[in-house]
Amino acid sequence: MELLPVVCLCLLTRCGITSADANAVVKVEEDRDVILPCSLSTKENIESYLFDWRKAAQKDGKKKEVFYYNAGDHYNNGYPGQSEEFKGRVFHFQEELKHGNASIIIRNTKMTDSGDYTCVFPRLQPRQTFHIKLVVGAAPKPNIRTLDQTDNRALLQCEANGNPQPEVEWRDSAGNKLPAEEPQVTERDGRFYVTLNTTVTKTDRYRCVATQKTISHQIYTETFLRMTGQ
């Protein structure tokens with residue numbers, strides 16, 4: 001499911017965040033572009049202002065410099081200091097500055113982009129700080145294997161992975177959820193790996209579905225099995 005247009009619509013209408021203590025949660029699938037909203041409720045022209053986007057400290061304990069703007073100077077026109085992982089991927093909306101909009105777009109999001117971001121106007125009185133939580137999810141298509149098959153029965157295995165952890169289930173061609181064994185879950189390198197087995201007894205097309213509710217993402221793989229004993 002594509003979530004970006006909803007956020008884009010918000011940007012184009014300049015709705016943004018309208019109070020300094022507001023919090024926003026933005027969800028996106030990995031490898032897609034995402035807009036992080038930050039707008040002054042006054043909608044005043046901020047072309048000559050200073051605003052600074054940072055990401056909260058991760059394992060290394062250091063805040064990440066995401067995007068810095070100061071009266072026309074910014075990371076994309078030679079201003080130094082941007083964290084390496086954001087170079088060439090973060091842009092502001094020049095024409096929107098006149099409407100008080102300091103939103104940014106992050107291109108080709110990665111799971112490592114997930115985290116807490118702040119958009120700060122340090123020179124305003126009072127100081128304005130906006131908080132945005134970004135959730136980047138990833139779930140490739142599940143893999144299906146037939147572990148054992150006889151004339152009247154087959155054991156199917158589905159392997160799915162992603163972050164956030166996907167919910168995995170088996171369904172038949174009519175969309176009915178099938179009984180399955182207890183899922184086996186492991187975690188490696190920031191991804192959750194889920195294995196789910198089910199036993200089927202009729203010729204049909206079977207689908208393994210992986211769902212990540214937190215980012216409204218669903219993906220599946222199908223396989224067709226013929227039972228020769230029927």
Side-chain angles (χ1 to χ4, degrees), residues 1-9 24-36 55-56 58-59 85 89 105-117 132-230:
M1 179 181 293
E2 174 61 56
L3 302 182
L4 183 56
V6 176
V7 184
C8 288
L9 178 60
V25 178
V26 179
K27 303 171 185 178
V28 67
E29 296 173 30
E30 190 177 37
D31 297 325
R32 296 186 183 275
D33 299 344
V34 66
I35 292 173
L36 302 187
K55 183 185 177 188
Q58 302 296 303
K59 293 181 180 179
E85 62 262 44
R89 295 201 299 129
I105 183 169
I106 302 177
R107 303 286 189 188
N108 301 316
T109 55
K110 308 171 185 177
M111 285 197 298
T112 53
D113 292 330
S114 294
D116 297 316
Y117 291 74
I132 297 88
K133 182 179 182 64
L134 176 62
V135 179
V136 181
K141 278 192 173 186
N143 292 319
I144 293 176
R145 292 194 297 164
T146 303
L147 298 182
D148 186 35
Q149 183 172 2
T150 66
D151 292 344
N152 300 296
R153 160 184 318 268
L155 176 62
L156 297 178
Q157 182 176 86
C158 175
E159 295 179 334
N161 71 83
N163 189 327
Q165 179 179 328
E167 295 181 9
V168 181
E169 60 186 17
W170 280 100
R171 294 187 178 272
D172 61 19
S173 60
N176 300 310
K177 183 179 178 180
L178 302 178
E181 300 175 9
E182 190 71 20
Q184 303 300 310
V185 182
T186 59
E187 184 180 1
R188 299 193 308 273
D189 300 324
R191 286 179 181 260
F192 295 91
Y193 292 80
V194 183
T195 301
L196 185 66
N197 295 343
T198 187
T199 299
V200 297
T201 57
K202 65 177 182 178
T203 298
D204 202 354
R205 183 172 297 278
Y206 296 98
R207 175 180 295 185
C208 177
V209 183
T211 304
Q212 293 168 298
K213 292 182 178 179
T214 56
I215 60 170
S216 302
H217 179 251
Q218 187 174 87
I219 195 167
Y220 64 86
T221 300
E222 288 185 337
T223 187
F224 179 79
L225 281 184
R226 183 178 299 278
M227 301 298 175
T228 59
Q230 294 181 351

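The residues of the chain are indexed from 1 along the displayed sequence.
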Exercise. Listed by chain and number, what are the salt bridge (Lys or Arg N to Asp or Glu O under 4.0 Å) partners of Glu181, not counting sequence neighbours?
Worked result: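 Partners of Glu181 by the salt bridge (Lys or Arg N to Asp or Glu O under 4.0 Å) criterion come out as none, since no residue qualifies.
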Exercise. What residues form a salt bridge (Lys or Arg N to Asp or Glu O under 4.0 Å) with Arg107, not counting sequence neighbours?
Worked result: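 With sequence neighbours excluded, Arg107 shows a salt bridge (Lys or Arg N to Asp or Glu O under 4.0 Å) to Asp33, given in chain and number order.
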Close side-chain approach of [X] and [Y], heavy atoms under 4.5 Å:
X      : Y      : value
Glu169 : Glu167 : no
Val136 : Val34  : no
Asp172 : Leu178 : yes
Thr186 : Gln184 : no

Exercise. Under the side-chain contact (heavy atoms from CB on, under 4.5 Å) criterion, do Lys55 and Glu85 qualify, and how do the steps go?
Worked result: CA-CA 11 Å; Lys55 183 185 177 188; Glu85 62 262 44; 5.8 Å; no
Roughly how far, to the nearest 0.5 Å, is [atom2] of [Y] from [atom1] of [X]?
X      : Y      : atom1 : atom2 : value
Leu36  : Thr109 : CG    : OG1   : 10.0 Å
Leu147 : Leu155 : CG    : CG    : 4.5 Å
Lys27  : Gln212 : NZ    : CD    : 11.5 Å
Arg205 : Thr223 : CZ    : OG1   : 8.0 Å
Met227 : Asn152 : CE    : CG    : 8.0 Å
Lys141 : Tyr220 : NZ    : OH    : 7.0 Å

Which heavy atom in [X] sits nearest to a heavy atom in [Y], and how many Å separate them?
X      : Y      : result
Pro164 : Gly137 : CD-CA, 3.8 Å
Pro166 : Val194 : O-CG2, 3.9 Å
Phe192 : Val185 : CD2-CG1, 4.4 Å
Leu196 : Ala180 : CD1-CB, 3.8 Å
Glu159 : Arg145 : OE2-NH2, 3.9 Å
Trp170 : Gln157 : CZ2-C, 3.6 Å

Exercise. Is there a donor-acceptor pair under 3.5 Å between the side chain of Arg153 and the backbone N or O of Thr199?
Worked result: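 Judged by distance alone, no pair lies under 3.5 Å.
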Exercise. Counting only N and O atoms by type, is there a donor-acceptor contact under 3.5 Å from the side chain of Gln165 to the main-chain atoms of Asn163?
Worked result: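 No.
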side-chain hydrogen bond (donor to acceptor under 3.5 Å, both in side chains) with [X]: which residues, sequence neighbours excluded?
X      : answer
Asn161 : Arg191
Ser173 : Asp204
Gln149 : none

For this session: Scan residues 156-224 for pairs that pass disulfide bond (SG atoms under 2.5 Å apart), counting only residues two or more places apart or in two chains.
Result: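 Residue pairs with at least one partner in residues 156-224: Cys158-Cys208.
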